[in-house]
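Structure, as structure tokens:
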Amino acid sequence: MKALVTGAAREGGIGRAIVARLERDGMEVVTLDVAPGCTYEVDMVSGELPRLDDIDVLVCNAGLTTMFGAAHTFKLERWQRDLDVNLTGTLRIVQACLPGMRERRYGRIVVISSTAAVDGMPAQVSYSTTKAGLLGLTKTVAAENVGLGITANAVLPGMTASSGILSMPQDIIDTWLATMPKGEFVRTQDIAEVVAFFASPAAGFVTGQELTVDGGARLNTRSVTSSAAGAVG
């Protein structure tokens, strides 16, 4: 079985963890990124894509996470760049892989979205919007191919201990850690484990789904009673 993971160039990133996990399952894994260090070094927005009709498992992990700004002041050129990479680029890769999957009547598509897609994220209006758009893309692809042995599912990571997050100033890291119920970030391998399930033959009847991996960060742990609050704490 052959898999493609996009956005896998960064050491310590989610993409690298996914590659290692799929390889443990015996898959032949190729990678694609705009940065060097992958099988295919190409801009998935405007570059010429390689032939990908032999891909059985597609993991759409590539995306921008560094466009910051409030909605009322966000520059449209930055907004457009996020749309181009996170949505259009992802669609181009899906379109390159789907014909082969449809012909073979087998495929697994896993899209890496974010909890920001459903909760929003202040100062990241384009990131939240594009990650939400990926959920619509995932569900549409799932619906269009449900009778062809092809599944499409989304993983929604919370704050993850990727190289990008860990390179932030320590005071920012500490502030984020204080909001995590378990006192630690999600590990990249936690994301990879969920991807491996969606990518497996065993998940053939699981499609159009969203699975959040955030260490309980989205849970409401508040209580109106002191006894219950003590139990939570």
**Study point:** Distance (rounded to the nearest 0.5 Å) between Ile55 CD1 and Ile109 CD1
**Key:** 11.5 Å
Point to revise | Check: Tyr106 and Met101 side chains under 4.5 Å, non-hydrogen atoms | key: no
Check your understanding: At their closest point, which heavy atom of Asn61 faces which heavy atom of Gly7, and how far apart are they?
Key -> ND2-O, 2.9 Å
Point to revise | Side chain to side chain, Thr39 and Leu32, heavy atoms closer than 4.5 Å | key: no
Check your understanding: Rounded to the nearest 0.5 Å, how far does CG of Asp56 lie from CD1 of Ile150?
Key -> 10.5 Å
Point to revise | Expected output: side-chain Arg102 to main-chain Leu98 donor-acceptor under 3.5 Å | key: no
Review point. Taking Arg92 for the side chain and Gly47 for the main chain, is one N or O donor matched with an acceptor at less than 3.5 Å?
Key: yes
Check your understanding: So does Asp33 pair up with Arg10, basic N to acidic O under 4.0 Å?
Key -> no
Point to revise | Evaluation steps, side-chain contact (heavy atoms from CB on, under 4.5 Å), between Ile93 and Leu58 | key: CA-CA 9 Å; Ile93 299 295; Leu58 169 62; 3.5 Å; yes
Review point. Do the side chains of Thr115 and Val213 get nearer than 4.5 Å, heavy atoms only?
Key: no
Exercise for review: Taking the side chain as every heavy atom from C-beta outward, state whether Leu137 and Leu87 have any pair of such atoms under 4.5 Å apart.
Suggested key: no
Check your understanding: Going by heavy atoms in the side chains, are Lys139 and Glu210 under 4.5 Å from each other?
Key -> yes
Practice item. Kindly indicate, with the supporting measurements, whether the criterion side-chain contact (heavy atoms from CB on, under 4.5 Å) is fulfilled by Val118 and Leu135. Key: CA-CA 9 Å; Val118 291; Leu135 300 183; 4.0 Å; yes
Check your understanding: Nearest 0.5 Å, what's the CD-CZ distance between Glu193 and Arg187?
Key -> 8.5 Å
Practice item. Quick one: pull up CG in Asn153 and OG in Ser113 and give me the separation to the nearest 0.5 Å. Key: 12.5 Å
Review point. Is Val5 reachable from Phe197 through a run of I, L, V, M, F, W or Y residues, each pair having side-chain heavy atoms under 4.5 Å apart?
Key: yes
Review point. Taking side chain as C-beta onward, heavy atoms only, is Pro99 less than 4.5 Å from Asp53?
Key: no
Exercise for review: Could you tell me whether Arg81 and Asp84 have a side-chain N and a carboxylate O separated by less than 4.0 Å?
Suggested key: no
Check your understanding: Between atom SG of Cys60 and atom CG of Leu4, what is the distance when rounded to the nearest 0.5 Å?
Key -> 7.5 Å
Review point. Which heavy-atom pair separates Asn86 from Gly63 by the least distance, and what is that distance?
Key: OD1-CA, 3.1 Å
Point to revise | Joint hydrophobic cluster, Tyr127 plus Val125, side-chain heavy atoms closer than 4.5 Å | key: no
Review point. Does the distance from a Lys or Arg side-chain N to an Asp or Glu carboxylate O, for Asp54 and Lys2, drop under 4.0 Å?
Key: yes
Study note, to complete from the structure: In short, Ala9 meets Pro36 closest at the heavy-atom pair CB-O, 3.7 Å
Check your understanding: Would Leu52 end up clustered with Val45 when hydrophobic side chains under 4.5 Å apart are linked, directly or stepwise?
Key -> yes
Review point. Are Asp82 and Arg78 ion-paired here, with the side-chain N under 4.0 Å from a carboxylate O?
Key: no
Review point. Is there a path from Ile14 to Val34 through hydrophobic residues (I, L, V, M, F, W, Y) whose side chains come within less than 4.5 Å of each other?
Key: no
Review point. Which of these, Thr207, Val111, Val57, Leu211, sits in a side-chain contact (heavy atoms from CB on, under 4.5 Å) with Phe198?
Key: Leu211
**Study point:** Minimum side-chain heavy-atom gap Thr31-Tyr40 below 4.5 Å
**Key:** no
Point to revise | Same apolar cluster (I L V M F W Y, side chains within < 4.5 Å links), Leu64/Phe74 | key: yes
Study note, to complete from the structure: The side-chain contact (heavy atoms from CB on, under 4.5 Å) partner of Leu134 among Thr90, Leu156, Leu91, Ile112 is Thr90
Exercise for review: Return yes when atom CD of Glu103 has more than 12 non-hydrogen atoms of other residues, nucleotides or ligands closer than 6.0 Å, and no otherwise.
Suggested key: no
Check your understanding: Below 4.5 Å, heavy atoms only, C-beta onward: do Arg16 and Thr188 meet side chain to side chain?
Key -> no
Check your understanding: To the nearest 0.5 Å, what is the distance between CD (Gln209) and OG1 (Thr151)?
Key -> 10.5 Å
Point to revise | Nearest heavy atoms of Thr6 and Ala62, plus distance in Å | key: OG1-N, 3.0 Å
Point to revise | Nearest heavy atoms of Val19 and Ala8, plus distance in Å | key: CG2-CB, 4.0 Å
Practice item. Please name the pair of heavy atoms, one in Gly120 and one in Ser128, separated by the smallest distance, quoted to 0.1 Å. Key: C-OG, 3.7 Å
**Study point:** Donor-acceptor contact present, side-chain Asp214 to main-chain Val186, <3.5 Å
**Key:** no
